[in-house]
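One structure below.
Computation of the quantities below employed the complete heavy-atom set of this structure, encompassing side-chain atoms and omitting hydrogens, waters and symmetry-equivalent molecules. Note that the structure is predicted; figures quoted are calculated from it, not measured.
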Amino acid sequence: MSQMYYDVRTHGCQMNVHDSERLSGLLESAGYLDIESLPVGERPEVADVVVFNTCAVRENADNKLYGNLGTLRQAKLKKPDLQIAVGGCLAQKDRGTIVKRAPWVDVVFGTHNIGSLPALLDRARHNKQAEVEILEALEVFPSTLPTRRDSAYAGWVSISVGCNNTCTFCIVPSLRGKEQDRRPGEILAEIEALVSQGVIEVTLLGQNVNTYGVEFGDRGAFAKLLRACGDIEGLERVRFTSPHPAAFTEDVIEAMASTPNVMPQLHMPLQSGSDRVLKAMRRSYRSEKFLGILDAVRAQIPHAAITTDLIVGFPGETEADFAETLRVVEASRFSSAFTFQYSIRPGTPAATMPDQIPKAVVQERFDRLIALQEEISWAENRTQEGRGVEVLVAPGEGRKDQATARMSGRARDNRLVHFAIPDGAERARPGDLVAVEVTYGAPHHLIADSGVRGGLYAVRRTSGGDAWAALDVAAAEGVSAKPAVSLGMPSIGAPPPVTAPICGS
């Protein structure tokens, strides 16, 4: 049997990106190879297995999926052995309709059973019919699965899955289930394993990371976890996303401030500045509490960059409500914001609320909010001018880097920095750290040309840079430039009870 190649296509949030790393790990473990491991000129028109890891949160997510599936239908007619799989949140939601609308799909699997993908592909190939498997509860914690990471020097680490909130605009809890937390020792063991492979930055993931510990009854567990990350030698940077304002506590702020490798960056979703709208959204905080959290963070971490999520045009939002959002955004001084126009998500309480806002009104408000935030972002970036920053170098963050002869990466506060390299100076590798001074704050990034102006420019080589360089050498020899598959982390505690196999499985 000739070598078979896979192509995982990801839509949506960081949780989906990390799930796709696991899907890639599973397929590699089953003998498939990533189509991107082939030189561009040698890649087939389409892989042998194409997996869509879908999102149900984004607007028109289903139209995007079915458009992509329609395109692949022609490919399948030319290549009958091509297998198409659909997983993720949209698969969990539309379980009964995907194969009806796209009968050329071979496998549909949900958010709770990504580990089943290789077996489902084999079963579909053997039975010559579509296999649909959607579980209502988590089969195994995803971190126990093999993973093919995208980066040599940065990694995602899930600390929990699921969500216990009931926000009226959000369908995630019904698709990913109630919150389930990993044990702290298991999380720290995974981080230590990543660091041993050259990872110097980890991002802790959860639908609500700061409610971590609710399942095993420790409200202070997240702050303790942050502090414990500070004791891991070789771990340079720790980030987390996303917390919920209602559960954000003083001990988490203190842990951030007192743990040097926890970055001065916070993503704090506001959604709306109107207390009336927040109540309708079932967001269990109000605008003054939100602003108080930001004040408390900045009191202990003065240079923290705070970002947010905002929804414009929630059902019933009045001009006065929107004015409150503008007021809170003005007061918050976010470094940037992810801003969305409300759109109906079938299956959510908000979908059937009265007073849905006309599209033209939503668009006009959205434009005003974007204009305000752009002004704030630019002003906040201008305050960075003259500051020294430490940049974790990345490959390809800046589209114009080749033309400008700059390199790019993220500062400790997660701002994007493009920096110039002095003639004859050491050139950093992705994964290395570079100290430079900001010379200009642009609306969406920082420029740091201090090195070519005779000022600060210092490269610190890291194990992350070493790990990237090893992959770069492998890539030059025709081997895939991604880290090797790492095995999943074993669960901690007593083994689960042995169950009898299902007949025919």
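- For the residue pair H267 / D309, a side-chain donor-acceptor distance below 3.5 Å is found, with atom types taken as modelled.
- For the atom pair CZ of F248 and OH of Y285, the computed distance is 13.0 Å after rounding to the nearest 0.5 Å.
- If you take CD on E36 and OG on S24, they are separated by 9.0 Å, rounding to the nearest 0.5 Å.
- From T352, atom OG1 reaches atom CD1 of I344 across 9.0 Å, with rounding to the nearest 0.5 Å.
- Geometric assessment of R345 against the ring of F169 yields a negative cation-pi assignment under the 6.0 Å and 45° thresholds.
- When all heavy atoms of N16 and N53 are compared, the pair lying nearest together is O-ND2, 3.0 Å.
- At distances below 3.5 Å, not a single donor-acceptor pair connects side-chain atoms of T111 with backbone N or O atoms of C89.
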Start with the C-alpha gap between E179 and Q207, add the side-chain angles, then the distance that decides, and say whether side chain to side chain donor-acceptor pair (under 3.5 Å) holds.
CA-CA 8 Å; E179 181 173 327; Q207 300 297 153; over 6 Å; no
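- For CD of E45, the number of neighbouring non-hydrogen atoms (other residues, nucleotides, ligands) closer than 6.0 Å is 12 at most.
- At least one side-chain heavy atom of H11 sits less than 4.5 Å from a side-chain heavy atom of N68.
- Here the CD-CZ distance, from Q265 to F240, works out to 8.0 Å after rounding to the nearest 0.5 Å.
- Scanning all heavy atoms of the two residues, the minimum distance from Y5 to D34 falls at CD2-O, 3.8 Å.
- With contacts defined as side-chain heavy-atom distances shorter than 4.5 Å, the pair W104/L82 does not qualify.
- Side-chain contact between Q356 and Y342 is present, with at least one heavy-atom pair separated by less than 4.5 Å.
- The pair E190-R182 meets the salt-bridge criterion, since a charged nitrogen lies less than 4.0 angstrom from a carboxylate oxygen.
- Within the structure, every pair that satisfies the salt bridge (Lys or Arg N to Asp or Glu O under 4.0 Å) test and touches residues 69-88, not counting sequence neighbours, is listed here: D48-K79, K76-D106.
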_Residue pair R415, N381: steps toward the side chain to side chain donor-acceptor pair (under 3.5 Å) verdict_ = CA-CA 9 Å; R415 283 183 166 95; N381 279 357; 2.8 Å; yes
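- A337 and Q373 make their closest contact through CB-CG, 3.8 Å (heavy atoms, listed as atom of the first residue, atom of the second, distance).
- Here the CG-OG distance, from L204 to S160, works out to 10.0 Å after rounding to the nearest 0.5 Å.
- In terms of heavy atoms, V417 sits closest to A411 at CG2-CB, 4.0 Å.
- Between F52 and V8, the closest side-chain pair of non-hydrogen atoms is not below 4.5 Å.
- The closest side-chain heavy-atom distance from T307 to L266 is not below 4.5 Å.
- When all heavy atoms of V329 and I376 are compared, the closest pair comes out as O-CD1, 3.6 Å.
- Taking CG from D432 and CG from D466, the interatomic distance works out to 7.5 Å, rounded to the nearest 0.5 Å.
- Side-chain atoms of E21 come within 3.5 Å of backbone atoms of D150 as a donor-acceptor pair (strictly under, hydrogens ignored).
- Sorted by first and then second residue, the salt bridge (Lys or Arg N to Asp or Glu O under 4.0 Å) pairs involving residues 200-209 (not counting sequence neighbours) are E201-R239.
- With hydrogens and angles disregarded, a donor-acceptor distance shorter than 3.5 Å links the side chain of N210 to the backbone of A247.
- Between the side chains of E133 and S116, a donor-acceptor pair is found at a separation under 3.5 Å.
- Ion pairing of R9 with D7 is present here, as a side-chain N (NZ or NE/NH1/NH2) and a carboxylate O approach within less than 4.0 Å.
- Across S377 and S336, no two heavy atoms sit closer than the pair OG-CA, 3.7 Å.
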